[in-house]
Undergrad: 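Take this structure first; my questions come after.
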Number of protein chains: 2
Amino acid sequence: MLDSVPDSAVEPEAASLPRIAGTGAASLHGTLLAQLRDYVVEGNLAPGARVPERLLCERFGISRTPLREALKVLASEGLIDLLPNRGAWVRQLGPDEMVALFDVMGGLEALAGRLACEKITEAGFSEIERLHHAMYAAYLRRDLHGYFTGNQAIHDRIVEAADNEPLRTTYANFAGRLRRVRYAANLDKDRDRWGEAMREHEEILDALRRRAGSELSDILFRHLRNKRRAAAVRETAAAGA
Amino acid sequence: MLDSVPDSAVEPEAASLPRIAGTGAASLHGTLLAQLRDYVVEGNLAPGARVPERLLCERFGISRTPLREALKVLASEGLIDLLPNRGAWVRQLGPDEMVALFDVMGGLEALAGRLACEKITEAGFSEIERLHHAMYAAYLRRDLHGYFTGNQAIHDRIVEAADNEPLRTTYANFAGRLRRVRYAANLDKDRDRWGEAMREHEEILDALRRRAGSELSDILFRHLRNKRRAAAVRETAAAGA
DNA sequence: GACCAAAAATTTGCATTCATTTTTGGAAGA
DNA sequence: TCTTCCAAAAATGAATGCAAATTTTTGGTC
């Protein structure tokens, strides 16, 4: 039943207009939201630290109202915690939470791979293939940064190839939450993992070439699991330090 | 580099405290957010309709500030669109968007199934088995409502068994967005689909019994795809009407 | 010197106010 | 009669104000 509130006429243009605000692309509010999100994700505030409302207002040159709106959104994205009457705090990931987030990332990548197999074009595949070879070259010359960049690019391209807007958004959200975990950091000390990751990427490319959705889905989930395992070492070590 | 903003001391209790605000459980703001979300999800406002700010303020007995904060969050959840200077509009799903959302749901259920295979207890499995049989009984006596309820319960239990908080939250979000699509509505006219769905559920239970994660993952994704296909008929029909 | 209670100073949450923008309604003109 | 234009009205976006809660400081006691 439609409530006492009258349903205004349907907005005809709304459907065709770009969905501006959803995640906040343009529009003053969206700008601030993006800025503030970057500010947090980039690590300008220490995990577990209080988010200084007043200082941020001055920094961004705005009043508290729009800032607080942005904070509410960041809280719903899981980047910060809002404690009633006690303000906003940068969310700190415990080991369990990190594991949970990694698993979701794995699920999202698995989905992206599956969809990519259905939708990717020959050109799109070639591009990923090119990135793969570049990454392999970086691996051979032990260029950690080059490898990391290429790796990131490949995973992003797969998500892109899935051509699914909500997936893109959700993926970006979880990637942002895990941004602090520097998975690459281990590889130079964990040559085995590096080689293993490289082999997994061979499998990924192969499955994608054959457009084997289920298979790719599986590989990608396992790939993320292993990535997490490698990252967990450092996490645990850091926690113990 | 940590910015000019000084890092306040780390809040020791924050880690152990329940994550109250994230999705908004308690705390006045969270209450309003949940209320408003339900209000939209329940369909009190027509899709494509304007969200009447002032009226909602009166209805909930609050001022515009907290309402607008909640609207920003709902926009980030994808339930409404915010058009700069033009207010909030209930999001309307076109066919393509619906397809995209269904695919993400499929990916999330696939993930849930995979994780459930790793974590579910014998008691948890028995409960799902019980629900399955109850649903089958409903199917046999052509009890559409009973079937639908049981079906929903099973999928929810699988997500629950995955024991992953961010997955739970994300799943709930997408389920809410798709709430308007009444997948069950077709079954009484599409007996073939109903039987097919029932057979798929047999497979689901079987894979879960064997704790065959990858397999269950695949089945669940396909199951959702088929569910979408059935729902799409009605959607298309409705669009054509 | 450590510990605790009370008052001051911040900070939060929400209401209210104000400047812009959009929308509405109608008059003038084609 | 229909379109175009303009002014009034309403709605949005953001700043400010204020009561309640929290945190910090202060002062005193053991």
Side-chain angles (χ1 to χ4, degrees), chain A residues 5-14 17-22 24-36 45 48-76 80-90, chain B residues 5-14 17 19-22 24-36 45 48-76 80-91:
Chain A
V5 173
D7 313 328
S8 317
V10 169
E11 167 82 334
E13 306 163 84
L17 271 177
R19 287 290 149 67
I20 312 174
S27 85
L28 192 48
H29 158 79
T31 308
L32 171 66
L33 178 60
Q35 280 185 313
L36 191 57
L45 270 49
R50 182 187 209 120
V51 179
E53 210 175 85
R54 181 145 303 280
L55 286 177
L56 289 177
C57 284
E58 292 168 12
R59 163 172 256 279
F60 292 110
I62 51 165
S63 76
R64 286 178 56 220
T65 307
L67 182 82
R68 288 171 106 292
E69 289 173 353
L71 288 177
K72 296 280 200 277
V73 174
L74 292 188
S76 93
I80 63 177
D81 289 310
L82 289 179
L83 284 67
N85 288 317
R86 300 194 48 207
W89 303 74
V90 178
Chain B
V5 173
D7 312 331
S8 316
V10 169
E11 168 83 334
E13 305 163 85
L17 271 178
R19 288 290 150 67
I20 313 175
S27 86
L28 192 49
H29 158 78
T31 308
L32 171 66
L33 178 59
Q35 280 185 312
L36 191 56
L45 271 49
R50 182 184 209 124
V51 179
E53 208 174 87
R54 182 146 303 278
L55 286 177
L56 289 177
C57 284
E58 293 168 12
R59 164 172 257 278
F60 292 110
I62 52 165
S63 78
R64 286 178 56 218
T65 307
L67 182 82
R68 288 167 99 323
E69 289 173 353
L71 288 178
K72 296 282 201 275
V73 174
L74 292 188
S76 93
I80 63 177
D81 289 309
L82 288 179
L83 284 70
N85 288 317
R86 301 196 46 208
W89 302 75
V90 178
R91 187 154 204 178

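Side chains are part of it too, since the values below use all heavy atoms of this structure and drop only hydrogens, waters and symmetry mates. Protein chains get the first letters and strands the later ones, always in sequence-line order, with residue 1 at the start of each.
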Undergrad: Any side-chain to backbone donor/acceptor pair from B/R50 onto B/R86? Under 3.5 Å, distance only.
TA: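 Pair found, side chain donor or acceptor close to backbone of B/R86.
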
Undergrad: Identify the heavy atoms of B/L32 and B/P66 that sit nearest to each other, and give their distance.
TA: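 Result for this residue pair: CD2-O, 3.6 Å.
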
Undergrad: Can you measure A/L67 atom CG to D/dT16 atom P for me and round it to whole angstrom units?
TA: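 Value for this atom pair: 14 Å.
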
Undergrad: Using rotation axes that map the C1' atoms of four end pairs onto the next four (five pairs an end), what angle separates the end axes of the helix from C/dG1-D/dC30 to C/dA30-D/dT1, to 10°?
TA: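 Inter-axis angle at the termini of the helix from C/dG1-D/dC30 to C/dA30-D/dT1: 10°.
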
Undergrad: Quick check: closest heavy atoms across A/L82 and A/L71, and the distance to 0.1 Å?
TA: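 Scanning both residues, the minimum pair turns out to be CD1-O, 4.3 Å.
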
Undergrad: Would you compute the distance between atom SG of A/C57 and atom CZ of A/R68 and round it to the nearest 0.5 angstrom?
TA: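 A/C57 SG to A/R68 CZ: 9.5 Å, rounded to 0.5 Å.
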
Undergrad: Do you know the tightest heavy-atom contact between A/L36 and A/F60?
TA: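 Looks like CD1-CE1, 3.8 Å.
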
Undergrad: Drop me the distance from B/L67's CG to B/E58's CD, to the nearest 0.5 angstrom.
TA: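 It is 11.5 Å, given to the nearest 0.5 Å.
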
Undergrad: Do any N or O atoms of the protein come closer than 3.5 Å to N or O atoms of nucleotides 10-14 of chain C, and which pairs are they?
TA:
from	atom 1	to	atom 2	distance (Å)
C/dG13	OP1	A/N85	N	3.0
C/dG13	OP2	A/R68	NH2	2.5
C/dG13	O5'	A/R68	NH2	3.2
C/dG13	N7	A/R64	NH2	2.9
C/dG13	O6	A/R64	NH1	3.2

Undergrad: Do A/K72 and B/K72 touch side chain to side chain, with heavy atoms closer than 4.5 Å?
TA: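 A side-chain contact under 4.5 Å is absent here.
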
Undergrad: Taking the side chain as everything from C-beta on, heavy atoms only, tell me whether A/L33 gets closer than 4.5 Å to A/L74.
TA: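 Yes, their side chains come closer than 4.5 Å.
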
